[in-house]
There are 2 protein chains.
Amino acid sequence: MRPRPPPPRTDPSGEDESQFLAQYDPGAFEHPSVSVDVVLLTVRDGGLASLVCKRASHPHKGRWSLPGGFIGMGESLDQAATRVLRSKGGLSRVWLEQLYTFGALGRDPRTRVISIAYYALIDAARLQAVETSDALALARVSVPWEGEAGGPVELLDEEGEPLALAFDHADILGMAVRRIRGKLDWAPIGFQLLPREFTLLQLQNVHQAILGRTLNKDSFRRRMLASDLLRPTGTRQAGVGHRPAELFRFTQQSAV
Amino acid sequence: MRPRPPPPRTDPSGEDESQFLAQYDPGAFEHPSVSVDVVLLTVRDGGLASLVCKRASHPHKGRWSLPGGFIGMGESLDQAATRVLRSKGGLSRVWLEQLYTFGALGRDPRTRVISIAYYALIDAARLQAVETSDALALARVSVPWEGEAGGPVELLDEEGEPLALAFDHADILGMAVRRIRGKLDWAPIGFQLLPREFTLLQLQNVHQAILGRTLNKDSFRRRMLASDLLRPTGTRQAGVGHRPAELFRFTQQSAV
DNA sequence: AAAATAGTGTCTATGAGACACTATAGT
DNA sequence: ACTATAGTGTCTCATAGACACTATTTT
């Protein structure tokens with residue numbers, strides 16, 4: 001397969017830079033479309049769940065897809081991802097990070113679309129107000145592999161039936177799961193999935209949901225307390241039917 | 001700052017998908033330009049070095065830049081990065097991985113350019129045949145921070161003077177250094193910077209060049225020999241002026 | 001009192017760093 | 001013989017897992 005040669009960067013020489021810029025024609029070559037897609041993850045019922053939209057129009061009409069949209073000429077990539085979360089889910093101040101850029105040739109049947117994927121993490125409680133629409137759902141993520149080596153993942157509806165995903169969005173979701181599994185042990189990302197005050201057991205449950213396996217309680221406690229990421233609030237749980245646990249806060253800024 | 005709303009994805013309803021695709025007009029909205037930039041790194045003189053090109057045309061004419069080029073409509077992102085390495089450096093079969101996508105608004109003075117950055121690793125011996133042109137150089141990377149937290153890095157010429165870098169390429173280089181420092185301990189990337197057969201000391205020197213600090217010899221040996229990534233060849237160095245070290249090979253495929 | 005989870009103390013296995021020692025090439 | 005690096009054996013320290021035990025709340 002011979003790729004088409006790149007558009008030349010040369011110019012009639014002898015100009016200065018301002019002259020060059022005044023004459024530059026960005027439409028001289030065909031450009032791909034560029035979009036962002038956002039994997040919004042939360043922890044619900046002991047497992048990961050992701051926000052998906054039902055496609056109302058072609059292509060892949062009726063299938064489920066990650067919230068996304070084309071990049072505007074006047075917004076940065078981060079701004080575009082933030083806008084998508086606000087317009088599709090009404091969410092703001094969500095922790096967000098770039099994931100990977102997908103640009104395979106046939107990934108969108110319309111035309112060449114390059115998509116910069118982001119992933120976002122949010123406390124499940126903040127999603128209560130948002131959803132249960134016909135076109136917007138929070139679907140359970142089913143990861144058919146362990147550790148950080150694996151491909152696409154499945155999304156399941158309430159009955160546990162697989163949802164049909166549009167485009168390469170199952171691959172994007174799989175990449176997001178690999179990324180947060182890999183970062184969990186050395187970056188403070190578990191906190192983004194919890195309310196501002198939480199117990200160590202809640203934090204452990206978040207880690208277990210991300211990793212898809214159980215963790216050793218003692219070792220987890222020690223590691224977290226030694227990490228300098230937690231600050232005890234001095235208060236405790238109330239009305240829990242057993243000895244109440246101490247509440248902690250994340251020491252850093254929680255929302256971006 | 002209010003970002004421009006995204007182009008609508010809706011269509012006149014009632015069509016089927018093939019009708020929709022036949023009528024789809026990808027030029028209906030303005031698209032950004034999309035390019036790839038490649039950080040080609042090697043280890044030379046105990047430190048990292050990167051391949052850079054002197055810009056022959058505006059913008060930033062005369063400054064040094066990462067090898068890059070616009071994406072062709074008929075090539076994937078990986079193919080574009082591979083093509084850039086072949087056309088600018090004459091290199092093929094180089095280990096290559098996507099790094100990050102840079103899309104800030106003012107990063108290119110011509111127009112909106114979104115650049116998917118890649119990083120590539122290569123044995124310094126393979127670069128001997130390539131360079132020493134007036135427009136192509138291998139510049140020493142000077143990292144002004146330790147660990148994986150830091151911003152841009154500098155490139156130095158043979159006299160140790162900083163090179164003027166075009167666009168946001170100092171940031172891209174900094175991101176590449178952070179990435180390989182972070183991956184070094186759990187991914188087999190040091191091997192890509194060595195010839196097919198190498199000694200443990202050579203491997204340690206590569207790790208030290210990447211991390212910018214010295215490592216414990218005993219611990220490094222043990223860790224590597226226990227890692228299942230090395231296969232002893234049974235042969236030894238010759239003509240080295242001291243006890244010759246055993247030669248090893250990387251157990252996995254070395255070139256992509 | 002029973003149930004359920006919170007939290008502590010201690011033992012053990014593992015891996016990294018430190019250090020001393022032996023081995024083997026060229027000069 | 002001398003020098004420089006290769007490679008081995010052993011000690012110590014830090015951390016994770018395992019396990020036993022005590023503590024505190026609601027029902």
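Small disclaimer: the values here were computed from a predicted structure and weren't measured. Within every chain, numbering begins at 1; the chains are lettered A, B, ... in the order of the sequence lines, protein sequences first and strands thereafter.
As judged by a 4.0 angstrom heavy-atom cut-off over every strand, B:Leu200 is placed among residues making no nucleic acid contact.
Looking only at distances, a side-chain donor or acceptor of B:His169 sits under 3.5 Å from a matching main-chain atom of B:Leu66. In this structure a side-chain-to-backbone donor-acceptor pair under 3.5 Å is present from A:Thr42 to A:Ala124.
Dense packing is recorded around CZ of B:Arg63, with more than 12 heavy atoms of other residues, nucleotides or ligands lying under 6.0 Å away.
When the ring-ring contact (aromatic ring centres under 6.0 Å, His included) test is applied to A:Phe198, the partners found at least two apart in sequence or on another chain are A:Phe191. With sequence neighbours excluded, the residues that form a side-chain contact (heavy atoms from CB on, under 4.5 Å) with A:Lys217 are A:Gln204, A:Arg221.
Within residues 211-222 of chain A, the residues that place at least one heavy atom under 4.0 Å from DNA chain D are, in residue-number order, A:Asn216, A:Asp218, A:Ser219, A:Arg222. DNA chain C lies under 4.0 Å from at least one heavy atom of each of the following residues of residues 241-249 of chain B: B:Gly241, B:His242, B:Arg243, B:Pro244.
Between B:Trp95 and B:Tyr119, the ring center distance clears the sub-6.0 Å criterion.
Salt bridge A:Glu246/A:Arg236: absent, no basic N to carboxylate O contact under 4.0 Å.
Contact annotation: the side chain of A:Val52 never approaches that of A:Leu40 to less than 4.5 Å [non-hydrogen atoms, C-beta and beyond].
Considering all non-hydrogen atoms of both residues, B:Leu138 and B:Leu51 come closest at CD1-N, 3.8 Å.
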May I have the list of side-chain donor-acceptor pairs in residues 142-153 of chain B shorter than 3.5 Å, sequence neighbours left out?
from: B:Trp145; atom 1: NE1; to: B:Gly151; atom 2: O; distance (Å): 3.4
from: B:Trp145; atom 1: NE1; to: B:Pro152; atom 2: O; distance (Å): 3.4

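Using a 4.0 Å cutoff to heavy atoms of chain A, the contacted part of DNA chain C runs 5' to 3' from C:dA4 to C:dT10.
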